[in-house]
Amino acid sequence: MGRIRITGGIPLDGEVRIQGSKNAALPIMAAALLNRGTTVLKGCPRIADVFRMEKILQGLGAKTCWQEDTLVICARELQSCAADKDLGEKMRSSIVLLGSLLGRWGEGVLPFPGGCVIGARPIDLHLDALRTLGAEFREEEGCLYARARELRGGEIIFPRSSVGATQNAVLGAVCARGTTVIRGCSREPEVSWLCRFLNQAGGQIRGIGTSCLEIRGVSGLCDTVFHVPADRIAAGTYVCASAITRGKGILLDPPVGEMRALLKAYEKIGGQYRYKSGKLFLCSQRASGSLGWLETGIYPGFPTDLQSIFLAVLTCARGESRIKENIFEDRFKAVPELQKMGARIALDGRVARIRGGSLRGALVSARELRGGAALVVAGLGAEGETCVENREFIERGYEDISRDLNALGARTQKD
Ligand code: EPZ
């Protein structure tokens, strides 16, 4: 497995353009199956999970090609409704293929999804939502077999928020017969971006950005050219990189409207920023304060995907902070590795108590995507050199974290 070496203690002071959003691009790629034509995704992130999803689409019979950061998907002729088992079980987002395969074919075969080991990650909400639209499921040899003679509109009520289940419900409803009302929807930007894509491709979705979506089924989607939005988690990662080095930095075209909770926490520890003409100017010279209490939550709360990365920043703060993880039950995987660097963190269930101090470079291992990014950020703030193993976990969601951090003035290298 690959490594990233980081030389710590260099205050960042450069600029970086933010890549396309992983968690917006993946469901939109699945949605492209609902168009018996060509879908063009501009600004699509060139990351491992997108390449895996692309291979799954190819396995179903879609034709794909890249023109720089534009991904072209032609789903005119599909030969199969069975997603590749090896690829599908390596990533969580393969599960949203359920809704689009049912919408396209009336049936689908998927492996049970994999992805980051941050909790049980059941799919009950996905299946219940699609059953409401008429789908039936059975499990055989680790695969999920789905079928629906016809998807019919209905009322879906989610008992709790789920990004992926909301996306699956939308994908099942957009071409169903009749109208669907979905209550208790996730309001994450990645749900809204999927809905905007679908409407641009001919869908009839109202209530975007709210917890209640009304979807009038259409016969199919049409060709469209869509710009994938910037990745709010990658952007937040680089705000944290600036903070831990007490440097500065300029982010180009970050989705600042989707980063309010992160920026509020950044200001609370002493960070300063201003946003002008698509540029986010960061000034972190005073970003050394502690935070008292922070908890993750559904949007627009503090994003769970930035929890471990912000936790890394707090290990170098002055004073004590506590973070509560409310979304996933096992999302402190980076803590033992941060402790190898001298971090003073005590875990009590879903709460991490962090006593700020200093970090020293060490050899540490990434165990999942965002925890791996947290170790890289910690390396920026540590004394000496840090080596993060299992770089492949990080490459699932970041095009090239080393390239981006070096553009901000860091000294990192991949080997
Ligand atoms: C999406 O995962 C993202 N992944 C995650 O990002 C992100 O952390 C998460 O949303 C929350 O924002 C993608 O978009 C590919 P959920 P998802 O369904 O859809 C429980 C990253 O690092 N749940 O909103 O799987 C679940 O266990 C990744 O980019 C059920 O109980 O998240 C969790 O506790 C990590 N039953 C909570 O809901 C279900 O059927 C939220 O999960 C589904 C979920």
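Position 1 is the first residue of the sequence; numbering continues from there. Remember, it's 1-based here, ligands and their atoms both numbered in the order they're listed.
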Salt-bridge contact [X]-[Y] (side-chain N to carboxylate O under 4.0 Å):
{"X": "Arg17", "Y": "Asp253", "answer": "yes"}
{"X": "Glu337", "Y": "Lys340", "answer": "yes"}
{"X": "Arg52", "Y": "Asp86", "answer": "no"}
{"X": "Glu325", "Y": "Arg350", "answer": "no"}

Q) Given Ser162, Ser21, Ala165, Ser94, which one has a non-hydrogen atom that is nearest to atom 18 (O) of ligand 1? A)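 Looking at heavy atoms only, the winner is Ser162.
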(Q) Out of Ser186, Pro122, Ala373, who is nearest to atom 23 (N) of ligand 1 when you count heavy atoms only? (A) Pro122
One residue to check: [X]. Relative to ligand 1, which of side chain, backbone, both or neither has a non-hydrogen atom less than 4.0 Å away?
{"X": "Glu190", "answer": "neither"}
{"X": "Arg370", "answer": "side chain"}
{"X": "Val163", "answer": "both"}
{"X": "Leu125", "answer": "both"}
{"X": "Ile327", "answer": "both"}
{"X": "Arg331", "answer": "side chain"}
{"X": "Gln167", "answer": "neither"}
{"X": "Asp305", "answer": "side chain"}

Q. Numbering the atoms of ligand 1 from 1, which are under 4.0 Å from a heavy atom of Lys22?
A.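 The atoms of ligand 1 under 4.0 Å from a heavy atom of Lys22 are 15 (C), 21 (C), 29 (O).
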Q.
Under 4.0 Å from a heavy atom of Arg160: which atoms of ligand 1 are those, numbered in the order shown and with their elements?
A.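 Near Arg160, meaning under 4.0 Å from one of its heavy atoms, ligand 1 has 30 (C), 31 (O), 36 (N).
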Q: Measure from NZ or CZ of Arg187 to the centre of the six-membered ring of Tyr299 and say whether it is under 6.0 Å with the direction within 45° of the ring axis.
A: no
Under 3.5 Å between any N/O of [X] and any N/O of ligand 1: does that happen in this structure?
{"X": "Asn23", "value": "yes"}
{"X": "Thr304", "value": "no"}
{"X": "Gly164", "value": "yes"}

Q: Report the C-alpha separation of Arg396 and Glu392 in whole Å, then their side-chain angles, then the decisive distance to 0.1 Å, and conclude whether the salt bridge (charged side-chain N to carboxylate O under 4.0 Å, His left out) test is met.
A: CA-CA 7 Å; Arg396 288 190 49 212; Glu392 287 71 14; over 6 Å; no
Q) So is Arg396 in contact with ligand 1, going by heavy-atom distances below 4.0 Å? A) no
Q) Considering all heavy atoms of both residues, which atom of Ser21 and which atom of Ala230 are nearest to each other, and what is their separation? A) CB-O, 3.7 Å
Q: Ignoring hydrogens and angles, state whether a donor on the side chain of Thr412 or Asn406 is under 3.5 Å from an acceptor on the partner side chain.
A: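 Present: a donor and an acceptor within the cut-off.
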Q.
Assess, by modelled atom type and distance only, whether the side chains of Tyr398 and Thr237 contain a donor and an acceptor separated by less than 3.5 Å.
A.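 Yes, Thr237 and Tyr398 have a side-chain donor paired with an acceptor closer than 3.5 Å.
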Q) Restricting to pairs with a member in residues 52-109, which pass ring-ring contact (aromatic ring centres under 6.0 Å, His included), not counting sequence neighbours? A)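 Matches after skipping sequence neighbours: Phe51-Trp66.
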